Student: 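Dropping the structure in here first, questions after.
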Amino acid sequence: HTKVYLIDRADRILPFEDEDISRICATNLEAKGVTVHHRAQLLGMKVVNGCVEYTIQHHLGGVETIRVDRALLAVGRVPNVDVIHPQAANIQITPSGHIATNDTQSSQPHIYAAGDVTEAVALVNVGEIEARHAIEKLYAPQPPKALTYENISTIMFLDPEVASIGMNELQAQRKTNGVPCGCV
């Protein structure tokens with residue numbers, strides 16, 4: 001029997017999804033035995049006698065150390081641009097370490113960037129869309145329209161699966177200035 005602990009710095013898991021979706025997924029995970037540490041901060045991890053001990057600080061100030069057999073640390077994506085030596089090609093890099101782009105084109109007109117090396121949404125399907133768009137810009141007889149990120153699809157294989165396209169409910173309410181919005 002595997003016990004899973006999830007350390008989440010946010011108030012809730014899936015912070016970019018609607019609150020009701022986030023709540024359902026968290027409840028289902030917890031019902032399956034996953035412990036979710038909401039608004040917790042990882043203070044440290046170390047290997048002790050072949051196990052991993054991690055220490056967290058809870059949002060109310062308590063500190064807890066938990067011992068597990070294995071740990072998976074997934075704290076976000078970092079652009080891996082150093083291996084291509086962008087300074088050698090005089091490619092502009094943003095303060096966050098990403099390649100600066102304008103509609104997939106870098107600061108050098110003959111160099112394009114797509115995927116996690118850009119500051120766009122870090123999803124594999126977005127990287128694919130950016131790559132296809134860059135190819136169209138390079139080879140299409142007429143330049144394509146500028147790429148937009150308004151109707152991006154996402155999917156998370158949870159229970160239940162979560163999929164979305166475009167704005168979430170809160171974003172739609174803000175954009176429509178209070179026009180009633182609903183989920184299907």
Side-chain angles (χ1 to χ4, degrees), residues 1-81 94-98 114-130 148-184:
H1 181 254
T2 300
K3 178 70 180 152
V4 176
Y5 299 88
L6 176 63
I7 305 166
D8 192 358
R9 293 183 298 184
D11 292 340
R12 58 187 176 97
I13 64 168
L14 308 178
F16 301 110
E17 297 298 328
D18 293 330
E19 285 189 41
D20 55 342
I21 301 296
S22 173
R23 189 172 40 256
I24 290 168
C25 290
T27 300
N28 286 352
L29 285 171
E30 290 166 349
K32 292 178 180 192
V34 174
T35 300
V36 181
H37 299 288
H38 297 284
R39 297 190 310 181
Q41 179 181 357
L42 179 65
L43 298 177
M45 294 178 78
K46 60 184 174 183
V47 176
V48 177
N49 296 327
C51 292
V52 178
E53 283 187 359
Y54 71 89
T55 303
I56 59 172
Q57 181 171 3
H58 296 282
H59 72 280
L60 297 176
V63 174
E64 180 179 9
T65 298
I66 299 171
R67 189 176 187 145
V68 295
D69 292 328
R70 290 179 177 67
L72 171 65
L73 190 59
V75 294
R77 296 185 176 107
V78 176
N80 189 11
V81 298
T94 68
S96 63
H98 294 84
D116 291 353
V117 298
T118 71
E119 288 187 316
V121 181
L123 296 171
V124 67
N125 56 316
V126 173
E128 179 185 1
I129 291 166
E130 289 173 332
T148 65
Y149 296 89
E150 293 175 359
N151 290 316
I152 293 176
S153 62
T154 63
I155 187 162
M156 289 158 271
F157 297 99
L158 299 168
D159 181 18
E161 287 92 357
V162 176
S164 66
I165 298 174
M167 295 181 277
N168 65 27
E169 187 176 7
L170 182 60
Q171 291 167 329
Q173 288 172 346
R174 287 180 180 157
K175 187 170 185 169
T176 59
N177 204 15
V179 172
C181 299
C183 296
V184 188

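Here, residue 1 is the first one in the sequence, and each next residue gets the next number. In this text, all values refer to a predicted model and were calculated from it rather than measured experimentally.
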Student: What is the ring orientation for Y5 with H37, classed by angle as parallel under 30°, tilted 30 to 60°, or perpendicular over 60°?
Tutor: parallel

Student: For the residue pair R67 and C51, what are the closest heavy atoms and their distance?
Tutor: NE-CB, 3.5 Å

Student: With respect to C25, which candidate in V36, D20, D159, I13 satisfies the side-chain contact (heavy atoms from CB on, under 4.5 Å) definition?
Tutor: I13

Student: From K175 NZ over to Q173 CD, what is the distance, rounded to the nearest 0.5 angstrom?
Tutor: 14.0 Å

Student: Does A172 offer a backbone N or O that forms a donor-acceptor pair with the side chain of T176 under 3.5 Å?
Tutor: yes

Student: In Å, rounded to the nearest 0.5 Å, how long is the span from OG of S164 to CD of Q171?
Tutor: 9.0 Å

Student: Considering only heavy atoms from C-beta outward, does the side chain of E161 approach that of M156 to under 4.5 Å?
Tutor: no

Student: Distance from L158 atom CG to N28 atom CG, nearest 0.5 Å?
Tutor: 9.0 Å

Student: Quick one, I129 and Y149 - any side-chain contact, counting heavy atoms below 4.5 Å?
Tutor: no

Student: State whether a side-chain donor-acceptor pair under 3.5 Å links E119 with T94.
Tutor: yes

Student: Can you tell me how far apart NZ (K32) and OG1 (T27) are? Round to the nearest 0.5 Å.
Tutor: 12.0 Å

Student: Counting N and O atoms only, with roles assigned by atom type, does the side chain of K46 sit under 3.5 Å from a partner on the main chain of Y54, one being a donor and the other an acceptor?
Tutor: no

Student: Any chance you could measure M167, atom CE, to I152, atom CD1, to the nearest 0.5 Å?
Tutor: 12.5 Å

Student: With a 4.5 Å cut-off on side-chain heavy atoms, are L123 and T154 touching?
Tutor: yes

Student: Under a 4.5 Å cut-off applied to non-hydrogen side-chain atoms, are I56 and Q41 in contact?
Tutor: no

Student: Less than 4.5 Å apart, side chain to side chain, heavy atoms only: is that true for T2 and D69?
Tutor: no

Student: Working to the nearest 0.5 angstrom, can you tell me the gap between L6 CG and T35 OG1?
Tutor: 9.5 Å

Student: Any side-chain to backbone donor/acceptor pair from E130 onto G115? Under 3.5 Å, distance only.
Tutor: yes

Student: Over all heavy atoms of both residues, which pair between N125 and S153 is shortest? Give the atoms and the distance, please.
Tutor: ND2-O, 2.7 Å

Student: Which pair of heavy atoms, one from N168 and one from F16, lies closest together, and at what distance?
Tutor: ND2-O, 3.0 Å

Student: For residues 57-66, tabulate all N or O donor-acceptor pairs below 3.5 Å that involve a side-chain atom, not counting sequence neighbours.
Tutor:
| unit_1 | atom_1 | unit_2 | atom_2 | d |
| --- | --- | --- | --- | --- |
| H58 | NE2 | E64 | OE1 | 2.7 |
| H59 | NE2 | R39 | NH2 | 2.6 |
| T65 | OG1 | T55 | OG1 | 2.9 |

Student: Measure across G97 and P79 and return the closest heavy-atom pair with its distance rounded to 0.1 Å.
Tutor: O-CG, 3.3 Å

Student: Are side-chain heavy atoms of R12 and E19 found at a separation under 4.5 Å?
Tutor: yes

Student: Would you indicate whether the side-chain heavy atoms of L73 and L42 approach each other to under 4.5 Å?
Tutor: yes

Student: Determine whether H98 and T118 make a side-chain contact, defined as any pair of heavy atoms from C-beta on separated by less than 4.5 Å.
Tutor: no

